[in-house]
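Notes follow once the structure below has been shown.
Each chain gets a letter, A, B and so on, in the order its sequence line appears, and its residues count up from 1.
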Protein chains: 2
Amino acid sequence: MSTRRTRQLEVIWEAVKGEMSHPTADQIYERVRKDMPHISLGTVYRNLQKLAADGKLQILTIDRTQHFDPLLEKHPHFICESCGKVYDVTLDRSDEAAPVLSPETGFTVTSHQLSLYGTCEMCS
Amino acid sequence: MSTRRTRQLEVIWEAVKGEMSHPTADQIYERVRKDMPHISLGTVYRNLQKLAADGKLQILTIDRTQHFDPLLEKHPHFICESCGKVYDVTLDRSDEAAPVLSPETGFTVTSHQLSLYGTCEMCS
DNA sequence: GTGCTTGCAAAGATTTTGCACGGCC
DNA sequence: GGCCGTGCAAAATCTTTGCAAGCAC
């Protein structure tokens, strides 16, 4: 169960660690293929999942497709309904903090995700 | 382009309009099939989309699968990471209101969705 | 050597679509 | 009758998985 340090994992991590564009698995695959032409898409998926399990990536599901976001810190996302681009957002009221359920509900909230939808600057 | 009132659309709407369990297209299909054994899954999808476009339903994408929620009013959802169930949520601080981006960003926010993740009562 | 990882391809799961027929207006 | 909606099945998307071979430790 220990995670081995393979060249594939390393190359994939290099490809996404500073990435701000919220790439999909396929986009990461295309990018990584330039360094490792024989890598397979399945391997990309498996390693992205590993990185996510490690807490190094966040998986955003937008419109039925996974996007991978290096986990710098929790932040909301803005999704343009016209072009589909995903933007990182900083809210004014900076910490509208973690929403909390009444304790008596018995639900345990471990994380949350706020998504804003609308039209981005370029599309308006 | 006008929406015709077909029996299929009606039956589908009847099946979801009071529904609080956030069913998937497939679950709605199974339900509707009891009244209309020959209805097709494609028709269910097409009509659910029509209802969503009409503003009668909200489509929640959870874990790569669409769930359909009659749109009573905007509310956050709690998704149990253990059993996958989706719950409607009312926050304490009732209106943590619509988050707003700084106006100068040029982004237009038309809607937003807050999702909480964790473990529900039955799964803990 | 042991057992996690990989590449490849096939299978899965969900949703969309083409087409000819049928039914609403 | 015109046209949108339907049923059916095939296609499309995106993701996961089985398996034998390979590599990390």
List the steps, then state whether ring pair (Phe, Tyr, Trp, His ring centres under 6.0 Å) holds for A:His22 with A:His77. CA-CA 10 Å; A:His22 311 85; A:His77 290 94; 5.1 Å; yes
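Per the geometry, CG belonging to A:Asp54 stands 16 Å off P belonging to C:dC4, to the nearest Å. Atom P of nucleotide C:dT14 and atom CD1 of B:Ile62 are separated by 13 Å, given to the nearest angstrom. We find that CG of A:Leu48 is positioned 14 Å from P of C:dT5, with the value rounded to whole Å. For the pair A:Leu9 CG and C:dG7 C1', the interatomic distance rounds to 16 Å; values are reported in whole Å. C:dG7 atom C1' lies 15 Å from atom CZ of A:Arg7, rounded to whole Å. For B:Arg33 and D:dC8, the CZ to C1' distance is 13 Å, given to the nearest whole Å. Spacing between atom NE2 of A:His38 and atom C1' of D:dA21 amounts to 15 Å, rounded to whole angstrom units. A straight line from CD of A:Gln8 to P of D:dG22 spans 14 Å, rounded to a whole angstrom.
Nearest heavy atom pair, residue A:Tyr29 against residue A:Ile39, reads CE1-O, 3.5 Å.
Looking at heavy atoms from C-beta onward, B:Leu9 lies in side-chain contact with B:Thr3 at the 4.5 angstrom threshold. No side-chain heavy atom of B:Gln113 sits less than 4.5 Å from a side-chain heavy atom of A:Leu114.
With A:Gln49 contributing its side chain and A:Arg46 its backbone, the two residues share no donor-acceptor pair below 3.5 Å.
In summary, B:Glu10 and B:Arg7 do not engage in a salt bridge, as defined by a charged side-chain N under 4.0 Å from a carboxylate O.
Taking 4.0 angstrom as the limit, B:Lys50 places a side-chain polar atom (N or O) nearer than this to OP1 or OP2 of D:dG5.
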Using a cut-off of under 3.5 Å, enumerate the N/O to N/O pairs linking the protein to nucleotides 12-17 of chain D.
from, atom 1, to, atom 2, distance (Å)
D:dT15, OP1, A:Gln66, N, 2.7
D:dT15, OP2, A:Tyr45, OH, 2.3
D:dT15, O5', A:Tyr45, OH, 3.1
D:dT16, OP1, A:Gln49, NE2, 3.2
D:dT16, OP2, A:Gln49, NE2, 2.8

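Counting atom types as modelled, A:Arg4 pairs no side-chain N or O with a base atom of D:dC25 as donor and acceptor under 3.5 Å.
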